[in-house]
There are 2 protein chains.
Amino acid sequence: MAASHPHAVDALLEGLGRELDRASPLPLYYQIKELLRERIERGELRPHERLPSENELERALGVSRMTARRALAELETEGYVYREQGRGTFVAEPKLRQSLLRLTSFTEDMRARGLRPGARVLDVRVMRDERVAARMGLEPEEAFVRVRRVRLADGQPLALETAYVRAALCPGLEAEDLTDRSLYQTLRERYKLQLGRAEQTLEAGAATEFEAQVLRIPVGQPVLLIERLTFLGDGRTPIEFVRSVYRGDRYKFVVELRR
Amino acid sequence: MAASHPHAVDALLEGLGRELDRASPLPLYYQIKELLRERIERGELRPHERLPSENELERALGVSRMTARRALAELETEGYVYREQGRGTFVAEPKLRQSLLRLTSFTEDMRARGLRPGARVLDVRVMRDERVAARMGLEPEEAFVRVRRVRLADGQPLALETAYVRAALCPGLEAEDLTDRSLYQTLRERYKLQLGRAEQTLEAGAATEFEAQVLRIPVGQPVLLIERLTFLGDGRTPIEFVRSVYRGDRYKFVVELRR
DNA sequence: AGGCCGCCATTGTATAGACAACATACCACG
DNA sequence: CGTGGTATGTTGTCTATACAATGGCGGCCT
């Protein structure tokens, strides 16, 4: 047995057995999955520690092997565990599950990289823009608050960011001071807007004269163009469209892909 | 029946039945999944069209319902279809499939964009590279099969791809013909290597003389540099490191971010 | 000592069947 | 006319079982 001591799995199984609710409308496999996930996230099960086998779950919880199996299989596709034929099921490393599908603000992104985030406001105005509206699937008359900012990392210009936020959803945003402040934080705290998902595209480009001046690089230098269309928690209502131009020599975008 | 005409499903099932190979070492559910996926990607099954039900697959292919079910369930988690209880299984909209944060090969990526993928091999050799080995967390003596290819979209050069695959895990790879073939498919089918996850970075750069020549663009044009470190199904064993240089004017990377 | 073989535990694939939950179409009844 | 019930088809959950493939271990044989 690979666990730290022989009774570790037994104690875990007993706990699971007590919490499993056969009267609940939630499927058994889902309950088992959630119970195991909680223990992994709370750190009760440590990386590379072995989980109960399908057989052990079957006996201890009084479910069929296929039910136990489904719980473990879903934990695997969600990145919480890895499975090896002939060996068992083991807790995955935390970094596998973190950098995955996270929607982060510039501020959070910089902090995660160990840099001090900042923002210098170039201009803020309420306006219309047919192309942006079309891109968001809205009527051409839709009004936006356009915020243009230079984003700083440790005080140095890193990106030029132009955000179009739907004015109808955050009245008075144009009067907020967004210097050195996270737009997402403002949307969340002042307007109680929950962000859900975002569609983001990345491509390479060359700095225009304006971009070069703001970012303090030569015209024509490589830049990373990132466009993001962000939706509210319901997954359908668009809230903002952001176009960012990052210095190519100082910024690298990182994603983790899964099969 | 919601299909265009009553015999559409029958014809599909007959085709599937002929292609299913019970002597193959590949699992039945996997074969069924791949056959259906091919038909979706080739457009033979159009968005929102109904797929055969679990019961129809069971009868027509002579498999159990759980096997048919698993094929459909995996297509769902991969974003190819959506399922509605009481109604059936339907082809998903293309945009839903391509924007998920999935580990895809160039071949799959191009097909999802409706382009014809291709590859022209520049050179293949077995070699060592300390920097690549370090990047993969391996000993400096580790041997790699380095494959340099020009990746084509509809016959036009789109990217220069340099892949370093661990020679120990795929002996004889250097003798394979990788012209117009997916490396991932070869790893999967010839070497039975299951890919798990990948860590990928994207940054902007300018085309070097060599890159410019291969991609048929002027020197210094913007390019998207993508580096990918791919791991096997266990999530820990590195298998390949790929450095790709994409034409900045023709390629856009799409991701969907959550929460 | 070293290598080979077989046993056991574990995950992977596949089958067969049962009942539940849900959607749709149709029909009978008021 | 419409309202509700029923029949049917679909996916969702769950059980029970069998055998295959793999990895680890120990013991046996040479």
Side-chain angles (χ1 to χ4, degrees), chain A residues 1-3 6 9 13 20-34 36 48-77 81-92, chain B residues 1-3 6 9 13 20-34 36 48-77 81-92 188 191-194 196 232-237:
Chain A
M1 193 166 291
V9 169
L13 287 172
L20 205 64
D21 178 11
R22 299 196 82 104
S24 164
L26 293 171
L28 284 173
Y29 76 87
Y30 182 81
Q31 292 186 51
I32 298 170
K33 181 183 99 178
E34 288 304 301
L36 288 171
H48 306 295
E49 187 173 340
R50 224 203 81 195
L51 271 72
S53 74
E54 297 170 0
N55 231 303
E56 288 169 333
L57 286 171
E58 179 179 356
R59 282 199 311 272
L61 305 183
V63 300
S64 77
R65 191 185 149 206
M66 290 304 288
T67 301
R69 182 174 176 68
R70 177 155 181 193
L72 294 175
E74 295 205 353
L75 285 173
E76 183 182 32
T77 67
V81 305
Y82 59 93
R83 318 189 71 193
E84 292 184 19
Q85 184 170 99
R87 297 224 313 128
T89 304
F90 307 87
V91 178
Chain B
M1 194 166 294
V9 169
L13 287 172
L20 206 64
D21 177 12
R22 299 198 80 105
S24 164
L26 293 171
L28 285 173
Y29 77 87
Y30 182 81
Q31 292 186 50
I32 298 171
K33 180 182 99 178
E34 289 303 301
L36 288 171
H48 305 296
E49 189 173 337
R50 222 203 84 196
L51 270 70
S53 73
E54 297 171 0
N55 232 303
E56 288 168 334
L57 286 172
E58 179 178 357
R59 282 200 310 273
L61 304 183
V63 300
S64 75
R65 191 185 149 207
M66 289 306 284
T67 301
R69 181 174 176 70
R70 177 156 179 192
L72 295 175
E74 294 204 355
L75 285 173
E76 183 182 33
T77 66
V81 305
Y82 59 92
R83 317 189 72 195
E84 290 184 19
Q85 185 171 141
R87 298 225 312 128
T89 304
F90 306 87
V91 178
R188 190 171 60 234
Y191 297 98
K192 308 291 180 220
L193 294 173
Q194 284 283 353
L232 290 183
D234 65 3
R236 291 171 315 175
T237 310

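Because the structure is predicted, anything quoted here is derived from the model rather than measured. All chains are named by letter (A, B, ...) in the order of the sequence lines, taking the proteins before the strands, and each is independently numbered beginning at 1. Note: hydrogens, waters and symmetry copies are ignored here, and every other heavy atom, side chains too, is used.
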Identify the pairs formed between an N or O of the protein and an N or O of nucleotides 22-26 of chain D at a distance under 3.5 Å, and give each distance.
{"unit_1": "D:dT22", "atom_1": "O4'", "unit_2": "A:Gln85", "atom_2": "OE1", "d": "2.9"}

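- Regarding A:Arg59, its CZ atom lies at a distance of 17 Å from the C1' atom of D:dT17, rounded to whole Å.
- Dashed line: the shortest gap from a side-chain N or O of B:Arg83 to OP1 or OP2 of D:dG12 is under 4.0 Å.
- Residues A:Arg22 and A:Val63 form a side-chain contact, since some pair of their non-hydrogen atoms from C-beta on lies under 4.5 Å apart.
- B:Arg83 has its side chain out of reach of B:Leu51: every pair of non-hydrogen atoms, C-beta onward, lies at least 4.5 Å apart.
- Remark: P of C:dT10 and CD of A:Glu76 are 17 Å apart, rounded to the nearest angstrom.
- Residues A:Arg65 and A:Glu58 are not paired through a salt bridge, judged by the lack of any N-O separation under 4.0 Å between the basic side chain and the carboxylate.
- A:Tyr29 approaches A:Ala71 most closely through the heavy-atom pair O-CB, 3.4 Å.
- Between A:Tyr29 and the phosphate of D:dT13, there is a side-chain N or O to OP1/OP2 separation shorter than 4.0 Å.
- For the atom pair NZ of A:Lys33 and OG1 of A:Thr67, the computed distance is 14.0 Å after rounding to the nearest 0.5 Å.
- Not one side-chain nitrogen or oxygen of B:Thr89 sits closer than 4.0 Å to the OP1 or OP2 atom of D:dT10.
- Taking each heavy atom of A:Leu72 and A:Pro52 in turn, the nearest pair found is CD1-O, 4.1 Å.
- The side chain to side chain contact (heavy atoms under 4.5 Å, CB included) search around B:Gln85 returns none, not counting sequence neighbours.
- Here the CG atom belonging to B:Leu26 is positioned 12.0 Å from the CD1 atom belonging to B:Ile32, to the nearest 0.5 angstrom.
- Counting to the nearest Å, the C1' atom of D:dC14 and the CD atom of A:Glu54 are 15 Å from each other.
- Counting all heavy atoms, side chain and backbone alike, B:Glu56 lies closest to B:Leu13 at CB-CD1, 4.0 Å.
- Between the CD atom of A:Glu56 and the C1' atom of C:dT10 there is a distance of 10 Å, rounded to whole Å.
- A straight line from CD of B:Gln31 to C1' of C:dA14 spans 13 Å, rounded to a whole angstrom.
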Contact list (N/O, under 3.5 angstrom) for nucleotides 15-18 of chain C vs protein:
{"unit_1": "C:dT15", "atom_1": "OP1", "unit_2": "B:Arg22", "atom_2": "NH2", "d": "2.9"}
{"unit_1": "C:dT15", "atom_1": "OP2", "unit_2": "B:Ser64", "atom_2": "N", "d": "2.9"}
{"unit_1": "C:dT15", "atom_1": "OP2", "unit_2": "B:Ser64", "atom_2": "OG", "d": "3.3"}
{"unit_1": "C:dT15", "atom_1": "OP2", "unit_2": "B:Thr67", "atom_2": "OG1", "d": "2.8"}
{"unit_1": "C:dA18", "atom_1": "N6", "unit_2": "B:Arg65", "atom_2": "NH1", "d": "3.3"}

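- Residue A:Arg70 places no side-chain N or O under 4.0 Å from the OP1 or OP2 atom of D:dC14.
- Put simply, CG on A:Leu57 is 16 Å from P on C:dA9, counting in whole angstrom units.
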